[in-house]
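Each chain gets a letter, A, B and so on, in the order its sequence line appears, and its residues count up from 1. Atoms considered below: every heavy atom in the structure, side chains included; atoms not considered: hydrogens, waters and symmetry mates.
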There are 2 protein chains.
Amino acid sequence: MPDQTTCQFEARPRRISLAGAHRSPEYCLSCGVRGRSVCSVVDDADIARLAETAVETLVLPGRCFIEEGGPATDFFNITAGTVKLFKALPDGRRQITGFAGTGHFLGLAVSDHYAFGAEALDTVRLCRFSRARMRHLLDDFPRMERRLLEEASNELVAAQNQMLLLGRKTARERVASFLLDRVQDALDPTGVVPLPMTRADIADYLGLTIETVSRTLSWLRREGMIAIGKGHAIHIAAMPRLEALASGDA
Amino acid sequence: MPDQTTCQFEARPRRISLAGAHRSPEYCLSCGVRGRSVCSVVDDADIARLAETAVETLVLPGRCFIEEGGPATDFFNITAGTVKLFKALPDGRRQITGFAGTGHFLGLAVSDHYAFGAEALDTVRLCRFSRARMRHLLDDFPRMERRLLEEASNELVAAQNQMLLLGRKTARERVASFLLDRVQDALDPTGVVPLPMTRADIADYLGLTIETVSRTLSWLRREGMIAIGKGHAIHIAAMPRLEALASGDA
DNA sequence: CGCGTCATTGAGATCACTCAAAAGGAGTGG
DNA sequence: CCACTCCTTTTGAGTGATCTCAATGACGCG
């Protein structure tokens, strides 16, 4: 079982390319994530610059690869898997500030210390950029900065939505909002929500307890709004009712 | 009395410069806010480009100048006063997502609709940039984009802190955190916190009710941690105890 | 002085939390 | 294949922090 208290780098880093003395750009060119991430703004011709800057890293489930308060040495681009971002209080209370999936960019910080921690939910693959190398990259590709600004803007909007949720919504509204966000994120029109996170993670994300999350999901099931399947998957049975609940119209 | 429900543009816009056919750059050159805002990255030589892009606007206390969900037509740079940013639910519940003061840049959004509303707390002066003009400005001054990215990063960190507060802190911890943030913001080492906002605003910011905010401030006073002065000003009497409370060490 | 708004304080209600126990699932080893 | 363990999830009962409702007090303004 992964130890949640020790937040160590248990990753296995290796260079993107293993062939030849130079790191090859083929990896980036064939990267399925490129279209969805900051990397998309770098042309094929310049991709070598990108490839030689990145280090591929694998993070095992439950492992922490960003330690809250630790020195901010790297930026990360997630190429596979899902991570949770969180902040903690000295007595152990936790708030998950977001879940970051494939294509997400992590580590934006003016300070030289990370303001949050990051832990892998499942096996996560990511590209790692040292701060110094990233700075050179941004100097050479100003379009990356624009793209990062877009991403940061989107995250700010999400953060504001989450503040509304945490500050003003009831437990039922929070869980409904969460499920809808997830189904949006999964781009699955059938209404099946994959939940790679535990009840504890959902609770820490919604500012609730495990018990309240569980009770609320049971209530949604009894009300016929969702169906709870095997293996952490939930099917949304009454989308309009759930949407009304999530937006507080109920 | 300002009507909070109608969120209209009650501002009095006028061009920055009134002298001559061309808008003069003197306004920006002598602007006391320039050093603290995105404008600082534009050299004196190029300041005319900046000046001709901005429109000075005055917003009266209690007036809304960004309507949540309305078309995102402009960006804003606050040159005087304080505004509150908020989101609302259909039934009237509100969450203030932040207070923005002099030098702050508003309106970052990828969407063409504002994700939040903004209302003046006191008389607010701001520079207004249309989206189209702003885009040209960013094309010409890439350093502005970098500066905006820094500002967005800082706001993200603040948003994450606020999520921790809203999701996991008690009422006492929230109020203590709020007072400390304010004193930090005011750069006043004497520990006097100016509070230009009402109890209702504080409550909507901290995810509490007016009554709880009031009760908690009274409790802090009884405990000797603060002194409540005239005219919405609070003096912090026991900084270390307040800090311990805010961080959850109590 | 009288009015409206904002802030404080009190009493009771409620939603979510805490504590506790049982049920469900996954992995391991006999 | 089953027994066993560990962990997660669910459900129940009671508590408590915060909310709601209500009244009073303080302040500014015409």
Side-chain angles (χ1 to χ4, degrees), chain A residues 1-5 61-62 89 91-95 121-122 165-178 195-223 226-234 245 248 250, chain B residues 1-5 61-62 84 89 91-95 121-122 165-176 178 195-223 226-234 245 248 250:
Chain A
M1 170 217 147
D3 185 347
Q4 309 238 357
T5 58
L89 290 169
D91 63 2
R93 282 175 283 173
R94 280 185 173 218
Q95 179 64 38
L121 282 178
D122 43 25
L165 180 148
L166 292 170
R168 289 303 181 211
K169 288 188 181 178
T170 66
R172 289 172 180 179
E173 290 164 354
R174 293 182 201 201
V175 174
S177 301
F178 172 71
L195 293 181
M197 64 287 289
T198 65
R199 295 285 185 271
D201 287 335
I202 298 173
D204 280 346
Y205 181 58
L206 299 178
L208 301 170
T209 58
I210 298 173
E211 296 93 325
T212 299
V213 170
S214 182
R215 268 187 262 271
T216 305
L217 285 171
S218 298
W219 178 83
L220 288 171
R221 178 170 43 72
R222 282 197 303 276
E223 291 287 315
I226 63 170
I228 302 178
K230 299 284 181 191
H232 279 205
I234 283 180
L245 178 58
Chain B
M1 168 219 148
D3 185 347
Q4 309 237 359
T5 59
K84 58 180 176 190
L89 290 169
D91 63 2
R93 280 175 285 173
R94 282 185 171 218
Q95 179 63 37
L121 282 179
D122 42 25
L165 180 147
L166 293 169
R168 289 301 180 213
K169 288 189 181 178
T170 66
R172 288 173 181 179
E173 290 164 354
R174 293 183 201 201
V175 174
F178 171 72
L195 294 180
M197 64 288 290
T198 65
R199 295 284 185 271
D201 287 335
I202 299 173
D204 281 345
Y205 182 59
L206 299 178
L208 301 170
T209 58
I210 298 174
E211 294 93 325
T212 299
V213 170
S214 183
R215 269 187 261 270
T216 305
L217 285 171
S218 297
W219 179 83
L220 288 170
R221 178 171 41 73
R222 282 197 303 276
E223 291 287 315
I226 63 170
I228 302 178
K230 300 282 181 190
H232 279 203
I234 283 179
L245 178 56

Considering all heavy atoms, the nearest B:Thr198-B:His232 contact:
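That closest heavy-atom pairing would be CA-CE1, 4.3 Å.
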
Please report the closest heavy-atom contact between B:Glu173 and B:Leu245, naming both atoms and the distance.
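Looking at all heavy atoms of both residues, the shortest contact is CG-O, 3.1 Å.
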
So, does A:Gln95 use its side chain to make a donor-acceptor pair with the main chain of B:Leu165 at under 3.5 Å?
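Not a single qualifying donor-acceptor pair exists.
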
Report yes if at least one side-chain N or O of A:Thr209 is closer than 4.0 Å to OP1 or OP2 of C:dA16; otherwise report no.
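Answer no for this pair, as no side-chain N or O of A:Thr209 is under 4.0 Å from OP1 or OP2.
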
For D:dT9 and A:His232 - does any side-chain N or O of the residue sit under 4.0 Å from the phosphate oxygens OP1/OP2?
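A:His232 to D:dT9 OP1/OP2: side-chain N or O found under 4.0 Å.
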
Could you state the [atom1]-[atom2] distance from [X] to [N], rounded to the nearest angstrom?
X        : N      : atom1 : atom2 : value
B:Arg199 : D:dA26 : CZ    : C1'   : 12 Å
B:Arg93  : D:dC19 : CZ    : P     : 13 Å
B:Leu165 : D:dT18 : CG    : P     : 12 Å
A:Ile210 : D:dT10 : CD1   : P     : 10 Å
A:Ile226 : D:dT10 : CD1   : C1'   : 13 Å
A:Leu195 : D:dT8  : CG    : P     : 16 Å
A:Ile228 : C:dG24 : CD1   : P     : 14 Å
B:Lys169 : D:dT18 : NZ    : C1'   : 18 Å

More 5' along DNA chain D: A:Ala200 or B:Gly207, using each one's nearest nucleotide?
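Checking each residue's closest nucleotide, the 5'-ward one belongs to A:Ala200.
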
Proximal nucleotide (of C:dA20, D:dT18, D:dC21) relative to the B:Glu211 side chain:
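Among C:dA20, D:dT18, D:dC21, the one nearest the side chain of B:Glu211 is D:dC21.
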
Output the single nucleotide from D:dA22, D:dG12, C:dA7 whose closest atom is nearest the side chain of B:Thr198.
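Of D:dA22, D:dG12, C:dA7, C:dA7 is nearest to the side chain of B:Thr198.
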
Would you indicate what A:Ser214 reaches in the nucleic acid, counting non-hydrogen atoms under 4.0 angstrom: base, sugar-phosphate, or nothing?
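The answer is base, as A:Ser214 lies within the cut-off (heavy atoms under 4.0 Å) of a base atom.
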
Which value, rounded to the nearest 0.5 Å, describes the distance between [X] atom [atom1] and [Y] atom [atom2]?
X        : Y        : atom1 : atom2 : answer
B:Lys84  : B:Leu121 : NZ    : CG    : 6.0 Å
A:Ile226 : A:Ile234 : CD1   : CD1   : 4.5 Å
B:Arg168 : A:Leu166 : CZ    : CG    : 9.0 Å

Side chains of residues 215-223 of chain A: which donor-acceptor pairs under 3.5 Å do they make with residues two or more places apart or in other chains?
unit_1, atom_1, unit_2, atom_2, d
A:Thr216, OG1, A:Thr212, O, 2.6
A:Ser218, OG, A:Ser214, O, 3.1

Considering only heavy atoms, which members of residues 215-222 of chain A lie under 4.0 Å from some atom of DNA chain C?
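Heavy-atom contacts with DNA chain C come from A:Arg215.
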
